[in-house]
Amino acid sequence: MRVQRIDVFHVAMTLRAPFRTSFGVTHERHCLLIRLEADGVEGWGEVVADAAPLYSEETVETAWHILRDFLVPAVLGRSFDSPREFRASYAHVRRHPMAKAGLEGAFWDAWSRARGLPLWRALGGTKDRVEVGVSIGIQEDVPALLRAIESFQAQGYRRFKIKIEPGWDVDVVREVRRALGDIPLMVDANSAYTLADASHLAQLDRFDLMMIEQPLAHDDLVDHAELQRQLRTPICLDESVHHADDLRKAARIGACRILNVKVGRVGGLTEVQAIDRLARQLGIPLWCGGMLETGIGRLHNVALATLPGFTLPGDTSGSDRYWLEDVIDPPVTVDPDGTIAVPQQPGIGHQVREDRIQRVTRRRATYRANGAA
Ligand code: OSB
Ligand code: MG
């Protein structure tokens, strides 16, 4: 398929409720949406970088620059037979995984549409429903947290992840267990602790959490291995794992027993396939993480969560958990049994509403191959 045209939209969408983690509060989600046209077929991808470099070093601004000056020139006007060939054309660019993942995602969508295949089938997915959990930000107080969990419980969500930080951790988990009993519960620290907190974190062991996500530094594996030796609760890594080889090393030293997979963090769906294969060999369960995506990134997440190694509920909550109006039609919905039905139409499977995207667009760039309209 010859890449004829690429459009990059910098959008800003207001969340229905602010989302607070140990690294900051998000009221308005900035990201880039990418429309790619190849052989007259369109595909859509999402760059999940945020306005500020708090989760990782990338921002919408760095992604805009890397796309304009390096990634788009590497693919525009060229022909590719597969997503693997597509990504090889810019493999010389180091890091910037979110910029790469957004572009590769747009190509995957176009490529699977051109073949009449749903994206999840093109990826090698094996399920037609995925199990869904929800990630709940740090709240004002415990009653507010309990109300939030109960309302998601009523909607069917199958797993509850609460964000923790020093001062909002052991006591809060104790209150949740006391009020709500044996619900499927986990915590995510987003790197808010150090090894010096090991005995404090070990107090979580008595609450039978499914896992503790990324307790230590964003760039650490070794200390996580040391911490895991002191904890019964399984450690799940997020920020520290950037590709399959990181997972191999993490598993080798015992830095995690579970992995959160985000397509933006690992640089694209082709790398997710490699991680899926390796994780099954290693016996490490996977689940699909989230980055407060618009419907476009959300549909990519639903597709990757159908891969066979993804055996735990993911953070692929319904569109209505984030947005009053999503940029796709229909929105992604969670059924009362806590699952999402995987689309059966070609590509990402729902209609992209460019009219709605235009209403939230701050700036747009269009790149055309020579001779393309
Ligand atoms: O650490 O998983 C995380 C959101 C933004 C940045 C990092 C994280 C998150 C979430 C929300 O936990 C997941 C979602 O609902 O999209
Ligand atoms: Mg996380």
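Numbering of ligands and ligand atoms starts at 1, following listing order.
- Shortest contact from atom 13 (C) of ligand 1 to any protein heavy atom: Gly290 O, 3.4 Å.
- If you check which protein heavy atom lies closest to atom 1 (O) of ligand 1, you get Asn190 ND2, 2.7 Å.
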Side-chain atoms of residues 68-81: list all donor-acceptor pairs with protein atoms under 3.5 Å, sequence neighbours left out, distances to 0.1 Å.
| unit_1 | atom_1 | unit_2 | atom_2 | d |
| --- | --- | --- | --- | --- |
| Asp69 | OD2 | His65 | ND1 | 2.8 |
| Arg78 | NH1 | Ala74 | O | 3.2 |

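- Pairs passing the ring-ring contact (aromatic ring centres under 6.0 Å, His included) check and including a residue from residues 180-220, sequence neighbours excluded, do not occur.
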Inset, instruction - Would you please test Trp44 and Phe107 for ring pair (Phe, Tyr, Trp, His ring centres under 6.0 Å) and show each step? - result: CA-CA 8 Å; Trp44 286 88; Phe107 184 80; over 10 Å; no
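- If you count the protein N, O or S atoms nearer to the Mg ion (ligand 2) than 2.8 Å, you get 3.
- In terms of polar-atom proximity, Asp238 is counted as a contact of ligand 1, with an N or O under 3.5 Å from an N or O of the ligand.
- Within a 6.0 Å sphere centred on CZ of Arg129, heavy atoms belonging to other residues, nucleotides or ligands number more than 12.
- Of the listed residues (Arg87, Lys100, Glu104, Arg84), just one forms a side chain to side chain donor-acceptor pair (under 3.5 Å) with Thr270, and that residue is Glu104.
- Residue, atom and distance of the protein heavy atom nearest to atom 6 (C) of ligand 1 are Met291 SD, 3.6 Å.
- Between the side chain of Lys249 and the backbone N or O of Ala255 there is no donor-acceptor pair closer than 3.5 Å.
- An N or O contact shorter than 3.5 Å is missing between Arg321 and ligand 1 by distance.
- Counting atoms of ligand 1 from 1 in the listed order, those under 4.0 Å from a heavy atom of Phe23 are 6 (C).
- Using 4.0 Å as the threshold, Lys163 has a heavy atom nearer than that to some atom of ligand 1.
- Side-chain contact of Glu28 with His30: a donor-acceptor pair under 3.5 Å is present, judged by distance alone.
- Atoms of ligand 1 lying under 4.0 Å from at least one heavy atom of Lys262, given by number and element, are 1 (O), 2 (O), 3 (C), 7 (C), 8 (C).
- With hydrogens and angles disregarded, a donor-acceptor distance shorter than 3.5 Å links the side chain of Asp109 to the backbone of Ile348.
- Of the protein's non-hydrogen atoms, Leu292 N, 2.9 Å is the one closest to atom 16 (O) of ligand 1.
- Considering backbone and side-chain atoms together, Ser135 places an N or O closer than 3.5 Å to an N or O of ligand 1.
- For Thr26, no heavy-atom contact with ligand 1 is shorter than 4.0 Å.
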Inset, instruction - For side-chain contact (heavy atoms from CB on, under 4.5 Å), just list the numbers for Leu286 and Leu312, CA-CA rounded to whole Å, side-chain angles, deciding distance to a tenth of an Å, and then say yes or no. - result: CA-CA 6 Å; Leu286 304 177; Leu312 293 167; over 6 Å; no
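- Residue pairs meeting the ring-ring contact (aromatic ring centres under 6.0 Å, His included) criterion with at least one partner in residues 276-331, sequence neighbours excluded, do not occur; the list is empty.
- Taking the ring centre of Trp64 as origin, the terminal cationic atom of Arg363 falls inside the region bounded by 6.0 Å and 45° from the ring axis.
- When non-hydrogen atoms are compared, ligand 1 lies under 4.0 Å from the side chain of Lys161 (C-beta onward) but not from its backbone.
- Of the listed residues (Arg158, Lys161, Arg298, Lys262), just one forms a salt bridge (Lys or Arg N to Asp or Glu O under 4.0 Å) with Asp315, and that residue is Lys161.
- Closest to atom 14 (C) of ligand 1, if we only count protein heavy atoms, is Tyr322 OH, 3.3 Å.
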